[in-house]
Amino acid sequence: GERVVIDTGAARYVLAKGPSPISRILVNDEVVATAEGTRGLYVIDQLGRLGVSSAEDESMVVESRGPVAATVRFEGFYRTSDGLPLARHITRLEAFAGQAAVKVTHTLILTNDSDRVWFKDIGWELAVAPGVNPRALFGVSRDEPEHHVVQEISSATPKAYALQESHFMFGHGTDSFKVVKIDARGDEEILSAGEEMGDWAALAGEKGGLLVSVREAARQHPKEFEISDDRVVIRLFSGRAGEELDFDFFTLAEKWNLGELTVEQVGRLYSHSAVGWSKTHELLISPLPAGADCEQAAGISLLNSRPVYVHVDPRWIYETKAMGNLHPKDSAGYPEAEALLEEIVGHWNGMALDPGFYGFVDYYSGPTFTGGMGRRYRLTYTLRGDLWGVYARSGERWIREFAAGTNRAFMDNHIAHWDGPNKTKGLYMSATSSASGELGRKGDFPFYWEERTSTHSSSSTNLNQFMYD
């Protein structure tokens with residue numbers, strides 16, 4: 001069929017092929033949000049061409065249904081008005097009985113030569129009916145999600161936005177976001193500013209509203225939430241600060257903070273294309289009841305930013321040998337061994353982010369074989385798969401977040417998601433590194449999408465990385 005309806009008891013979602021997987025959201029038979037008259041899921045390339053999710057050849061599959069949960073998966077192209085495919089998306093929606101919110105996993109896939117097509121805006125736009133006295137609500141702290149800014153939306157101030165415009169990465173740069181209101185003349189005024197923005201924004205009024213949340217929005221910059229009196233726009237990649245999703249080597253070299261000599265050496269040696277590379281985001285979209293406040297909105301968003309996990313007793317895992325001969329964490333019985341293991345995993349967890357693996361492309365792409373930046377970006381041998389075993393021994397949240405973050409980034413970065421020159425969809429990306437102490441090959445740099453595909457990448461690849469997630 002062309003549409004699917006999910007009724008959770010708290011909200012009804014009408015899902016459909018075409019511009020937006022979410023066609024309408026209803027609560028008590030009242031339309032809270034709709035894709036009608038909007039761009040829906042969209043991209044804008046460097047030439048200004050708009051591509052929207054197209055029903056042409058799009059798949060819509062009900063992956064699961066039942067009394068507790070339902071999942072629907074969409075896959076298709078972003079196409080221009082004349083049918084030109086600019087990129088591809090996989091969008092999966094999960095709904096749960098009694099819950100108004102829907103969990104969304106969105107993956108962008110590059111299907112064109114990135115020297116010919118790249119992007120300056122990637123987003124999702126929905127129309128909202130908040131009723132009178134509309135307000136824009138913005139979370140303004142990653143670490144304290146309840147901190148917020150409220151801006152009344154009116155003819156005098158028709159729009160507001162929150163933008164994470166920069167972040168420390170690759171040893172340079174600063175963390176910076178701002179919340180801005182725009183008046184009727186188009187003039188801007190900063191309402192709030194800081195280092196790392198919150199994960200959420202909402203449009204709320206006397207009839208209700210809509211909350212949107214993007215997990216780790218600040219650290220996957222440039223991110224933006226834009227609110228007007230009847231629109232909510234999630235910009236997964238925002239060009240407002242002038243940045244483009246450009247894979248040109250010289251653009252990347254500036255981001256990577258490479259020295260001039262290295263840039264000259266490498267830039268003249270290689271051409272490349274990021275075709276087949278992908279980027280996945282975890283989102284949450286939820287209708288809000290009439291009179292909803294920021295505390296309520298922040299609480300709903302927190303279910304996306306810091307999900308609730310239920311963990312099997314490590315003793316049961318050991319006794320059943322479900323994951324092999326995996327002994328539970330026992331700091332009382334083996335204090336020195338457990339302390340050493342925790343120190344080692346903690347060190348590598350720091351190396352997954354601290355050197356500067358942030359931003360739309362590079363978030364959680366560490367750790368690397370060398371620990372920081374420079375050489376052998378793909379190879380960590382069995383570390384990524386082993387992290388799930390370490391997590392299963394204790395159920396500690398920080399280890400799970402490390403395992404999920406680095407393995408999911410690996411799936412986006414180091415597996416080809418589309419066919420291209422020397423690339424076969426579904427296989428691992430592989431690039432040659434230089435001998436120790438030298439630089440000059442693609443494997444020495446974060447060219448995750450290079451250079452060719454292969455069936456494995458040494459012992460750095462095994463299915464446990466993905467199956468245990």
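Values below: all heavy atoms of this structure, side chains included; hydrogens, waters and symmetry mates excluded.
- Taken to the nearest 0.5 Å, the OH atom of Tyr13 stands 9.0 Å off from the CG atom of Leu93.
- For the side-chain contact (heavy atoms from CB on, under 4.5 Å) test with Arg12, the passing option among Asp29, Ile6, Ile25 is Asp29; the others fail.
- A perpendicular orientation is assigned to the rings of Trp449 and Phe447, their planes being inclined by more than 60° (bins at 30° and 60°).
- Contact detail for Ala204 and Ala292: the closest heavy-atom pair is CB-O, 4.4 Å.
- For Trp118 and Phe237, the gap between ring centers reaches or exceeds 6.0 Å.
- Salt-bridge check for Arg92 with Glu94: failed, with every basic side-chain N at 4.0 Å or more from each acidic carboxylate O.
- No salt bridge links Asp175 with Arg219; every basic N to acidic carboxylate O contact stays at or beyond 4.0 Å.
- You'll find the ring centres of His89 and Phe74 outside the 6.0 Å limit.
- For the atom pair OG1 (Thr107) and CG (Asp412), the distance works out to 6.0 Å, reported to the nearest 0.5 Å.
- Side-chain atoms of Asn413 and Ser365 form no donor-acceptor pair, as typed in the model, at a separation below 3.5 Å.
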Let's go through Ile190 and Glu188 carefully: what are the C-alpha distance in whole Å and the side-chain angles of both, what is the deciding distance for side chain to side chain contact (heavy atoms under 4.5 Å, CB included) to 0.1 Å, and is it a yes or a no? CA-CA 7 Å; Ile190 294 177; Glu188 298 190 350; over 6 Å; no

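- Each of Lys120, Glu165, Glu226 was compared with Arg240 under the side-chain contact (heavy atoms from CB on, under 4.5 Å) criterion, and only Glu226 meets it.
- A 4.5 Å side-chain heavy-atom check between Trp200 and Ile300 finds every atom pair outside the cut-off.
- The environment of CD in Glu295 is sparse: at most 12 heavy-atom neighbours from other residues, nucleotides or ligands sit within 6.0 Å.
- Under the 4.5 Å side-chain criterion, counting only non-hydrogen atoms from C-beta, Tyr363 is in contact with Leu353.
- Under the 4.5 Å side-chain criterion, counting only non-hydrogen atoms from C-beta, Trp124 is not in contact with Arg39.
- Within a 6.0 Å radius of CD in Glu36, other residues, nucleotides and ligands contribute 12 heavy atoms or fewer.
- Ion pair Arg315/Asp313 not flagged as a salt bridge, since none of the NZ, NE, NH1 or NH2 atoms sits closer than 4.0 Å to an Asp/Glu carboxylate oxygen.
- No side-chain heavy atom of Ile90 sits under 4.5 Å from any side-chain heavy atom of Thr280.
- For the residue pair Glu401 / Tyr364, no side-chain donor-acceptor distance below 3.5 Å is found, with atom types taken as modelled.
- For His221 and Phe177, the distance between ring centers is not under 6.0 angstrom.
- Within the 4.5 Å cutoff, no side-chain heavy atoms of Gln151 are placed close to those of Val179.
- Between Glu58 and Phe77, every side-chain heavy-atom pair lies at or beyond the 4.5 Å cut-off.
- Nearest heavy atom pair, residue Leu203 against residue Asp229, reads CD2-O, 3.7 Å.
- The minimum heavy-atom distance linking Arg393 with Pro314 is given by the pair O-CB, 3.3 Å.
- Of all the heavy atoms in Arg397 and Arg306, the pair that sits closest is CD-NH2, 3.1 Å.
- With Ser460 contributing its side chain and Thr380 its backbone, the two residues share a donor-acceptor pair below 3.5 Å.
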Chi angles and distances behind the side chain to side chain contact (heavy atoms under 4.5 Å, CB included) call for Arg231, Thr38
CA-CA 8 Å; Arg231 289 287 190 278; Thr38 74; 3.7 Å; yes

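- What you find for Ala87 and Leu108 is that their closest heavy atoms are CB-CD1, 4.0 Å.
- Put simply, the side chain of Gln296 reaches to within 4.5 Å of the side chain of Pro289, judged on heavy atoms.
- Ring centroids of Phe360 and His167 are separated by 6.0 Å or more, keeping the two rings apart.
- Side-chain atoms of His417 and Ser278 include a donor-acceptor pair closer than 3.5 Å.
- Asn112 places a side-chain N or O within donor-acceptor distance of the main-chain N or O of Leu86, the cut-off being under 3.5 Å.
- Summarising the local packing, NZ of Lys423 is surrounded by more than 12 heavy atoms from other residues, nucleotides or ligands at distances under 6.0 Å.
- Looking only at side-chain heavy atoms (C-beta outward), Asp469 and Asn407 stay at 4.5 Å or farther from each other.
- Between Glu216 and Arg142, at least one side-chain nitrogen of the basic residue sits less than 4.0 Å from a carboxylate oxygen of the acidic one, meeting the salt-bridge criterion.
- Across Leu137, Ile285, Leu284, a single residue satisfies side-chain contact (heavy atoms from CB on, under 4.5 Å) together with Leu211, and that is Leu284.
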